[in-house]
Amino acid sequence: MKGRPVVTEAEQVKPDVNALEQEGEIAADYVEGLLDIADIDGDIDMDVEGDRAMVSIVGVKGHDLVGPAGEILEAIQELTRLAVHRQTGERSRLMLDISGYREKRRAELSKLGSDIAAQVAKLGEPRSLQPMTPFERKIVHDAVAAAGLRSESEGEEPNRFVVVMPA
């Protein structure tokens, strides 16, 4: 390995923006087809955020496409990821949002993570939260870390949950 530069993991994993944009376009076409089949009016926005394509359905009335606790949104996201995989042959980390649900949920979960971290810091005892999706757990983990505490995920999907530990 003499003469070969050392490459860090961060340098190896630079997102291919063109590939992510293509992923977003495939996903947008797929979602647009679903909306047409269901005769639902809505606009589609695409973006690339960090290392994933983001597709948002905006202007949809009601929460029929989100469902209780975002269950329908998660299902549509998985179907969309499969459609992208079918066309690209690559695993997709695409994030789908409908009517701003994920942004609202992100704010709620950040507050929850901060509040739980404060309780754990005050009481000195670990706290377990309700089962969450990987997206939701990541937000809570980030909020807990920002508060200077540690957290872990425990359990098996779909009942995996966050445990916040005292410092």
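These numbers come from the heavy atoms of this one structure, side chains and all, not from hydrogens, waters or symmetry mates.
- No side-chain donor from either of His85 and Ser92 sits under 3.5 Å from a side-chain acceptor of the other.
- Surrounding CD of Glu157 are more than 12 heavy atoms belonging to other residues, nucleotides or ligands, all under 6.0 Å away.
- The two residues Asp97 and Gly100 come nearest to each other via the heavy atoms OD2-CA, 3.5 Å.
- Nearest heavy atom pair, residue Ser99 against residue Val60, reads OG-O, 3.4 Å.
- A salt bridge is defined here as a Lys NZ or Arg NE, NH1 or NH2 lying under 4.0 Å from an Asp or Glu carboxylate O, and Arg102 with Glu74 meets this definition.
- Few gaps surround NZ on Lys104; more than 12 heavy atoms of other groups in view lie less than 6.0 Å from it.
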Take Glu152 and Arg150 through the test salt bridge (charged side-chain N to carboxylate O under 4.0 Å, His left out) and record every step on the way to the result.
CA-CA 7 Å; Glu152 300 174 351; Arg150 184 172 66 82; 2.9 Å; yes
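- Environment of CG in Asp41: sparse, with no more than 12 heavy atoms of neighbouring residues, nucleotides or ligands closer than 6.0 Å.
- Hydrophobic clustering of Ile, Leu, Val, Met, Phe, Trp and Tyr side chains at less than 4.5 Å, counting indirect connections, unites Val164 with Leu112.
- Rounded to the nearest 0.5 Å, atoms OG1 (Thr80) and CD1 (Ile26) are 11.5 Å apart.
- Annotation: the span from Ile76 atom CD1 to Ile57 atom CD1 amounts to 6.0 Å, rounded to 0.5 Å.
- Glu136 and Arg105 are joined by a salt bridge, as a carboxylate oxygen and a charged side-chain nitrogen come within less than 4.0 angstrom of each other.
- Here the OG1-CD1 distance, from Thr133 to Ile139, works out to 7.5 Å after rounding to the nearest 0.5 Å.
- Going from atom CD1 of Ile37 over to atom CG of Asp39 covers 11.0 Å, rounded to the nearest 0.5 Å.
- Following chains of ILVMFWY side-chain contacts shorter than 4.5 Å, one cannot reach Phe161 starting from Val120, and the two form parts of different hydrophobic clusters.
- Neither Val84 nor Leu20 shares a network with the other; the hydrophobic side chains, linked directly or stepwise wherever heavy atoms of I, L, V, M, F, W or Y lie under 4.5 Å apart, form separate groups for each.
- Taking 4.5 Å as the limit, some side-chain heavy atom of Val31 sits within range of a side-chain heavy atom of Ile44.
- Closest of all the heavy-atom pairs between Glu23 and Leu94 is OE2-N, 3.7 Å.
- When each of Lys138, Arg160, His141 is checked for a side chain to side chain donor-acceptor pair (under 3.5 Å) with Ser153, only His141 meets the rule.
- A salt bridge links Glu78 and Arg81; the closest N-O separation between the charged side-chain nitrogens and carboxylate oxygens is under 4.0 Å.
- Among all heavy-atom pairs drawn from Val55 and Ala27, the shortest one is CG2-CB, 3.8 Å.
- Considering CD of Glu154 and OG of Ser128, their distance stands at 6.5 Å, rounded to 0.5 Å.
- A heavy-atom distance below 4.5 Å is found between the side chains of Val48 and Glu21.
- When all heavy atoms are compared, the tightest approach of Gly124 to Pro166 is O-CG, 3.4 Å.
- The two residues Gly67 and Ile72 have their closest heavy-atom pair at CA-CD1, 3.7 Å.
- The distance from atom OH of Tyr101 to atom CD of Glu108, rounded to the nearest 0.5 Å, is 7.0 Å.
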